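For the numbers below, each heavy atom of this structure counts, side chains included, while hydrogens, waters and symmetry mates do not. In this text the structure is predicted, and so the values were computed from the model without any measurement.
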Amino acid sequence: MTQWTIAVTDYDYTTFEPEQSVIDDQNIKLELHQCKTEAEVIEACQHADALLNQYAPITRHVLEQLPNVKVVARYGIGVNTIDVEAATDHDVLVCNVTDYCLDEVADHTMAFVLEHARKLVTLRDSVRKGEWHFQKAAPIPRLRKQTLGLAGFGNIPRNVAEKAKPFGLRVLAYDPFVDEATAAAAGVKLVSFETLCRESDFLSVHLPQTNETEGIFNKEAFQQMKENALIINTSRGPVIDEHALIHALKQGEIAAASLDVLEQEPAAADHPFRTMDNVILTPHSAFYSEESVIELKQKTAQNAVDVLQGRFPAYIVNRDVKEKLALAERS
């Protein structure tokens with residue numbers, strides 16, 4: 001007899017075998033839904049004990065209407081789809097998976113760095129036009145000793161810093177929640193936001209989307225950056241003011257942008273980024289490898305299963321709720 005119900009609020013996956021491998025033999029039913037609005041989540045998940053969430057809104061109103069829900073486990077690192085404060089108020093654990101795609105996103109970031117440093121797209125396009133001369137990409141400065149700036153210094157940017165070292169890059173980081181000793185141990189200099197903007201040749205964004213970070217890369221930030229600078233974003237689109245970025249790119253205030261995330265996804269057919277020669281777009285794919293997707297799906301399901309079986313999960317976002325719950329620690 002089924003004891004618990006886990007509802008997937010929405011998804012763009014083609015298989016749920018990884019989740020099912022975790023849930024099998026646990027007296028748990030897995031329900032799949034495609035909700036886009038609060039009302040749809042409330043209607044579809046009325047009897048759910050746990051939610052697995054991708055993009056559907058899990059707001060205070062939703063949580064108030066789902067009294068059985070004990071845990072919301074998000075597919076990913078960011079939890080901007082979930083009202084974490086409301087979840088805490090309702091004694092609902094919010095979980096994410098903080099370590100499933102560290103290499104993938106760091107590799108994607110370094111791919112952006114190397115493409116811009118060696119102007120590969122420029123040279124490819126030149127050859128396609130029938131040209132054959134290295135000066136079509138001139139000038140190309142030597143990569144060694146240039147500066148890579150990291151906005152945020154969590155797990156992924158620390159991985160980026162490690163991968164950048166063999167290329168001889170100087171690495172700076174801005175993160176108000178990290179101390180200088182932690183950064184120094186990783187061979188990284190911790191600096192202010194203004195210094196990061198001013199000194200970076202490559203500025204890679206790894207910030208969560210919060211009230212404090214939305215639009216942090218605005219007109220003033222771009223005006224502080226070098227004219228030859230590349231800005232990279234593999235975190236969350238809204239941390240960059242896109243109108244300000246478009247202006248900065250068109251005015252030559254910075255050289256280029258390599259973006260895996262946007263304010264609104266997918267990019268509209270007439271979005272300027274689609275046709276700007278100094279912009280590279282990828283479709284929110286930095287996280288992706290076959291292995292990372294399986295890992296994400298299994299760990300997300302495990303977060304929910306742990307709570308339903310009376311254990312604290314491995315990944316907890318709202319730790320303040322722990323003291324309210326009579327759950328066992330993981331062994």
Side-chain angles (χ1 to χ4, degrees), residues 2-11 13 15-33 35 41 45 47-60 62-64 66-105 154-156 177 208-210 236 287 291-331:
T2 300
Q3 183 177 5
W4 306 107
T5 297
I6 296 178
V8 179
T9 62
D10 61 304
Y11 59 92
Y13 304 117
T15 178
F16 283 85
E17 290 181 6
E19 290 92 335
Q20 203 62 55
S21 70
V22 173
I23 292 169
D24 278 348
D25 303 322
Q26 303 295 330
N27 291 325
I28 294 173
K29 177 183 178 183
L30 184 67
E31 293 183 349
L32 307 182
H33 304 286
C35 305
V41 175
C45 304
H47 303 294
D49 301 290
L51 304 180
L52 306 189
N53 171 251
Q54 192 168 16
Y55 302 122
I58 310 300
T59 63
R60 182 175 293 275
V62 168
L63 292 166
E64 288 172 348
L66 301 179
N68 295 332
V69 168
K70 300 167 181 61
V71 55
V72 180
R74 187 164 191 281
Y75 288 109
I77 298 172
V79 291
N80 49 294
T81 60
I82 304 166
D83 187 331
V84 177
E85 181 179 352
T88 301
D89 291 343
H90 287 80
D91 299 345
V92 174
L93 278 167
V94 175
C95 305
N96 59 355
V97 182
T98 58
D99 58 0
Y100 81 98
C101 61
L102 305 187
D103 275 318
E104 286 79 4
V105 178
N155 290 334
I156 289 174
F177 302 103
Q209 181 183 340
T210 66
R236 287 292 180 266
F287 74 93
E291 293 83 355
S292 72
V293 171
I294 292 171
E295 183 180 3
L296 171 64
K297 290 163 76 64
Q298 288 178 334
K299 287 183 174 180
T300 302
Q302 190 64 58
N303 279 333
V305 170
D306 281 344
V307 175
L308 297 183
Q309 293 184 337
R311 299 184 300 270
F312 284 113
Y315 307 87
I316 302 174
V317 176
N318 54 342
R319 293 191 169 274
D320 290 346
V321 82
K322 283 190 71 174
E323 61 189 35
K324 303 178 183 180
L325 303 176
L327 300 178
E329 295 290 345
R330 288 172 58 90
S331 57

Would you check, one step at a time, whether the test side chain to side chain contact (heavy atoms under 4.5 Å, CB included) holds for V92 with V321?
-> CA-CA 7 Å; V92 174; V321 82; over 6 Å; no

Before giving the answer on side chain to side chain contact (heavy atoms under 4.5 Å, CB included), spell out for L93 and L327 the whole-Å C-alpha distance, their side-chain angles and the decisive distance to 0.1 Å.
-> CA-CA 11 Å; L93 278 167; L327 300 178; 3.8 Å; yes

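Counting heavy atoms from C-beta outward, Y75 and E19 have side chains that approach closer than 4.5 Å. Residues V317 and I82 fail the side-chain proximity criterion, which asks for heavy atoms closer than 4.5 Å. Annotation: side chain of V71 is not in contact with side chain of P313 (no heavy-atom distance under 4.5 Å). Between F312 and E329, the closest side-chain pair of non-hydrogen atoms falls below 4.5 Å. Looking only at side-chain heavy atoms (C-beta outward), T9 and L52 stay at 4.5 Å or farther from each other. Looking at heavy atoms from C-beta onward, I77 lies in side-chain contact with C101 at the 4.5 angstrom threshold. Considering only heavy atoms from C-beta on, V41 comes within 4.5 Å of L66 through its side chain. For the pair Q3/Q26, no side-chain contact is recorded, criterion being any heavy-atom separation below 4.5 Å from C-beta on.
Between F16 and Y11, the ring planes are perpendicular. Angles over 60° get that label, and only those under 30° would be called parallel.
None of D89, V72, I58, V79 except one satisfies the side-chain contact (heavy atoms from CB on, under 4.5 Å) rule with V84; the exception is V79. Exactly one of T98, D99, V94 qualifies for a side-chain contact (heavy atoms from CB on, under 4.5 Å) with N96. That residue is T98. Among the candidates V293, I156, L102, the single residue satisfying the side-chain contact (heavy atoms from CB on, under 4.5 Å) test with F287 is V293.
Annotation for P18 and Q298: closest pair O-CG, 3.5 Å, computed over non-hydrogen atoms. What you find for K297 and T15 is that their closest heavy atoms are NZ-O, 2.9 Å. Smallest separation of non-hydrogen atoms from H33 and C45: CD2-SG, 4.2 Å. Shown here for A73 and N303, the closest heavy-atom pair between the two residues is CB-CB, 4.0 Å.
Here the OH atom belonging to Y55 is positioned 8.5 Å from the CG atom belonging to D10, to the nearest 0.5 angstrom. Taking CD of Q302 as the reference point, atom CZ of R330 lies at 6.0 Å (rounded to 0.5 Å). Here the CD1 atom belonging to I23 is positioned 4.5 Å from the CG atom belonging to L30, to the nearest 0.5 angstrom. In this structure, L51 CG and C95 SG are separated by 11.0 Å, a value rounded to the nearest 0.5 Å. We find the NZ-CG distance between K70 and D91 to be 11.5 Å, quoted to the nearest 0.5 Å. Rounding to the nearest 0.5 Å gives a distance of 9.0 Å between CZ of R74 and OG1 of T300.
Judged by the 6.0 Å and 45° rule, K299 forms no cation-pi pair with Y100.
In the model, T88 has no side-chain atom that pairs as donor or acceptor with a side-chain atom of D320 under 3.5 Å.
Heavy-atom contacts from other residues, nucleotides or ligands closer than 6.0 Å to CD of E17 number 12 or fewer. E31 CD: more than 12 foreign heavy atoms inside a 6.0 Å radius.
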